[in-house]
Participant: 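Next up is a structure, given as structure tokens.
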Amino acid sequence: MAKPLFQAPKGTRDIFAPESGRQSALISAFADAATSAGYGQIITPMFEDLGVFKRLGEATDVVTKEMYDFETRDGKTVALRPELTASVVRAFVQHRPGVPWKAWYEGPQFRYERPQAGRYRQFTQVGVEALGTDDPHIDVEVIALAWRFYETLGLRHVRLLLNSLGDPECRPAYFAALTDYLTGRRGELTEQSQATLDINPLRVLDSKREPDQAVIAEAPLMVDHLTDEAGAHFTAVCEGLQALGIPYEISPRLVRGLDYYVKTTFEFAGDSLSAAQNALGGGGRYDGLAEQLGGPPTPGIGFALGIERILMACDAEGVFPGPDQQPQVFVIDVTGGEEALVVTDLLRQGGIRVDRAWDGRNMRSQMKVADRSGAALAVLIGEDELADGVVTVRDLRGDAGQVRIDRASLVDIITTRLEDPAADSVPTGEPS
RNA sequence: GUGGCCGUAGCUCAGUCCGGUAGAGCCCCGCGUUGUGGUCGCGGUUGUCGCGGGUUCGAAUCCCGUCGGUCACCCCA
């Protein structure tokens with residue numbers, strides 16, 4: 001294939017209908033779910049001061065290796081957002097809405113990575129953030145919102161993985177214990193894990209490399225080192241989920257990729273996808289983030305769900321086909337096209353999805369286009385109809401045949417027939 | 001950043017090992033039916049064989065380089 005002069009940048013895609021409509025519908029479904037739970041939409045800029053994202057943790061790949069950062073003409077350094085929690089918390093700190101403050105969002109995010117299945121340089125997430133309360137029941141609300149959303153889409157093979165990463169009081173002690181343990185068995189770890197150990201020992205627990213597993217299996221666990229307060233919070237979250245009948249698995253080695261998480265952390269694994277892209281979404285509590293961004297100490301929790309991954313899971317499970325976007329009616333006019341212009345407009349005003357053919361092609365050609373369009377009904381206008389002031393309505397999908405109707409009742413009859421193809425018609429079989 | 005695989009028509013691909021001057025199916029267009037689609041039949045349009053260089057009488061095919069795509073590792077959504 002000859003290469004086009006330009007193509008979409010690496011890791012980005014052009015999304016055509018009907019897939020684009022399916023994506024919009026997914027976001028719309030999420031908007032409904034979030035709105036009904038009392039979350040208001042927030043729209044933040046696609047880029048931020050680089051410093052906003054540096055707070056995510058100097059040890060994270062997202063910050064150190066994957067940032068789309070650049071200098072602007074006036075010498076400031078900005079970055080395309082690699083995630084949205086930092087942007088939303090920055091907006092919270094800047095504008096100080098009353099708490100508790102609950103917001104939802106959707107939009108593209110950017111990470112400079114090598115693309116692969118289910119991973120793009122520009123990808124889209126939906127999510128929520130709730131700031132200003134550390135009531136464990138809001139953790140439950142947030143998790144439940146995501147869980148019910150997956151259910152709404154029809155996904156059944158999703159697992160909720162739950163963990164607590166402790167709080168600033170118990171974390172240092174655990175951190176030290178884990179570091180001691182891993183350092184003691186350093187020689188058994190893979191080269192990559194040894195490097196990770198020097199940067200963030202917690203992340204070693206997340207290694208999927210086989211040689212590391214024996215060491216990880218015996219590593220001390222955060223859940224065994226929680227303070228009374230952090231433990232009580234975790235217990236309350238678990239009990240809340242049980243009260244709602246939402247199944248979860250305690251996953252004591254679940255570590256998230258961003259350093260700001262404390263206490264409750266969770267991930268949703270799509271079991272219909274391979275491990276490389278089965279992370280359908282995740283989130284957790286980030287009680288220190290607002291303060292790091294220059295605001296007052298404010299607890300917060302949220303999640304982000306990747307819509308590309310969710311749609312892959314929907315494909316794998318055969319659910320969420322997306323909305324009907326095909327025309328319902330196709331207008332055929334072999335008298336020159338003036339009639340099609342008017343009739344198409346009339347039907348559209350009646351709230352019907354309508355398309356038509358162009359270039360004055362013959363009826364055979366126009367019928368082919370009508371058939372391919374997916375429309376259920378064709379409206380035919382030839383010289384006879386024009387002379388009699390009527391149109392012919394033809395069923396393209398069933399055996400309801402065709403009928404000539406008065407143009408004045410066109411919208412009513414079409415609307416009725418779209419609901420019941422056999423209504424108002426006398427089957428005429430094949431055209432005479 | 002590392003590695004595997006792949007770049008031939010609008011799409012999916014064969015042809016590459018063993019060099020001889022480019023094919024199939026689908027799609028699209030027309031006709032059979034100058035007022036009727038889906039099935040069928042007939043006919044037709046479409047290629048810098050990713051790009052550059054080398055070897056050769058001759059390269060889609062062999063060699064070198066390069067770009068792109070894809071998958072995986074890593075990490076993550």
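Letters go in sequence order (proteins before strands), and every chain restarts at 1.
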Participant: Whole-Å distance between B/C74 C1' and A/Leu205 CG?
Facilitator: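 The distance from CG of A/Leu205 to C1' of B/C74 comes to 17 Å, rounded to the nearest Å.
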Participant: Need one value for A/Glu267: base, sugar-phosphate or nothing, where a base atom within 4.0 Å counts as base even if backbone is also close, heavy atoms only.
Facilitator: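 Contact class for A/Glu267: none.
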Participant: Just how far, in rounded Å, is P of B/C76 from CD1 of A/Ile310?
Facilitator: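 Between P of B/C76 and CD1 of A/Ile310: 18 Å.
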Participant: Name the pairing partner of B/G1, where a pair is Watson-Crick or G-U wobble with both distances under 3.5 Å, or state none.
Facilitator: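 Here B/G1 is engaged in a pair, and the nucleotide opposite it is B/C73.
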Participant: For the P atoms, the ones on B/A14 and on B/G50, what distance do you get once it is rounded to whole angstrom?
Facilitator: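 It works out to 13 Å between them.
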Participant: Side-chain donor or acceptor of A/Arg119 under 3.5 Å from a matching atom on the base of B/C75?
Facilitator: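 Such a pair is found, so the answer is yes.
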Participant: Applying a 4.0 Å non-hydrogen cut-off, can you work out what A/Leu396 is touching in the nucleic acid: base, sugar-phosphate, or nothing?
Facilitator: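 It contacts base atoms.
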Participant: What nucleic acid atoms does A/Ala370 come within less than 4.0 Å of, heavy atoms only: base, sugar-phosphate, or nothing?
Facilitator: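 No contact.
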Participant: Just call it for A/Glu83: base, sugar-phosphate, or nothing, with non-hydrogen atoms closer than 4.0 Å on any strand.
Facilitator: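 Counting heavy atoms under 4.0 Å across all strands, no contact is made by A/Glu83.
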Participant: For B/U2 versus B/C63, give the span between their P atoms, rounded off to a whole number of Å.
Facilitator: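 It comes out at 24 Å once rounded to the nearest Å.
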Participant: What nucleic acid atoms does A/Gly382 come within less than 4.0 Å of, heavy atoms only: base, sugar-phosphate, or nothing?
Facilitator: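 Result for A/Gly382 = base.
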Participant: Partner of B/G65 by Watson-Crick or G-U wobble geometry, both contacts under 3.5 Å, or none?
Facilitator: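 Result: B/C51.
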Participant: Looking at B/G68, I'd like to know if its phosphate oxygens (OP1 or OP2) sit under 4.0 Å from a side-chain N or O belonging to A/Lys10.
Facilitator: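 No, because none of the side-chain N or O atoms of A/Lys10 sits under 4.0 Å from OP1 or OP2 of B/G68.
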Participant: Would you say A/Arg372 reaches B/C28's phosphate, i.e. side-chain N/O to OP1/OP2 under 4.0 Å?
Facilitator: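 So the side-chain polar atoms of A/Arg372 do come within 4.0 Å of the phosphate oxygens OP1 or OP2 of B/C28, strictly under.
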Participant: Looking at A/Gln116, I'd like to know whether one of its side-chain N or O atoms comes within less than 4.0 Å of OP1 or OP2 on B/A72.
Facilitator: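 The answer is yes; a side-chain N or O of A/Gln116 sits under 4.0 Å from OP1 or OP2.
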Participant: Got a list of side-chain donor-acceptor pairs under 3.5 Å for residues 312-326 of chain A, not counting sequence neighbours?
Facilitator:
from, atom 1, to, atom 2, distance (Å)
A/Asp315, OD1, A/Arg22, NH1, 3.0
A/Asp315, OD1, A/Arg22, NH2, 2.8
A/Glu317, OE1, A/Arg156, N, 2.8
A/Glu317, OE2, A/His157, N, 3.0
A/Gln325, NE2, A/Pro18, O, 3.0

Participant: Are there any protein N/O atoms within less than 3.5 Å of an N/O atom in nucleotides 31-33 of chain B, and if so, which ones and at what distance?
Facilitator:
from, atom 1, to, atom 2, distance (Å)
B/C31, N4, A/Arg364, NH2, 2.6
B/G32, N7, A/Arg364, NH2, 3.3
B/G32, O6, A/Arg364, NH2, 2.9

Participant: Taking the same atom, P, in B/G19 and in B/C62, what whole-Å distance lies between them?
Facilitator: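 One P to the other, the span is 9 Å.
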Participant: Between B/C73 and B/U66, how far apart are the two P atoms, rounded to whole Å?
Facilitator: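 Looking at atom P only, B/C73 and B/U66 are 26 Å apart.
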Participant: With a 3.5 Å cut-off and heavy atoms only, can you find an N or O donor on one side and an acceptor on the other between the side chain of A/Gln366 and the base of B/U36?
Facilitator: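 It does not, because no donor-acceptor pair links the side chain of A/Gln366 to the base of B/U36 below 3.5 Å.
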Participant: Rounding to the closest angstrom, what is the interatomic distance between B/U16 and B/A22 at atom C1'?
Facilitator: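 The answer is 13 Å between these two C1' atoms.
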Participant: Looking at B/G30, B/U36, B/G69, which one has an atom nearest to any side-chain atom of A/Arg361?
Facilitator: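 Looking only at heavy atoms from C-beta outward on A/Arg361, the closest nucleotide is B/G30.
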Participant: B/U36, B/C75, B/A77: which one has an atom nearest the side-chain heavy atoms of A/Met367?
Facilitator: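 Nearest nucleotide to the side chain: B/U36.
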Participant: Relative to each other, are the rings of A/Trp147 and A/Phe268 parallel, tilted or perpendicular (30° and 60° limits)?
Facilitator: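 The arrangement is tilted - the two ring planes meet at 30° to 60°.
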Participant: Any carboxylate oxygen within less than 4.0 angstrom of a Lys/Arg side-chain nitrogen, looking at A/Asp355 and A/Arg372?
Facilitator: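 Between A/Arg372 and A/Asp355 there is no salt bridge, as every charged N stays at least 4.0 Å from the carboxylate O atoms.
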Participant: With rounding to the closest Å, how many angstrom separate the P atoms on B/U39 and B/U45?
Facilitator: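 One P to the other, the span is 23 Å.
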Participant: When the C1' atoms of B/C27 and B/C6 are considered, how many whole Å apart are they?
Facilitator: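 Result for the C1' pair: 24 Å, nearest Å.
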Participant: Using a cut-off of 4.0 Å on non-hydrogen atoms, how would the nucleic acid contact of A/Leu380 be classed: base, sugar-phosphate, or nothing?
Facilitator: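 Answer is base: heavy atoms of A/Leu380 come under 4.0 Å of a base.
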Participant: Let me know, please, whether A/Asp384 or A/Arg114 comes out on the 5' side of the other along RNA chain B by nearest nucleotide.
Facilitator: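 Nearest nucleotide further toward 5': that of A/Arg114.
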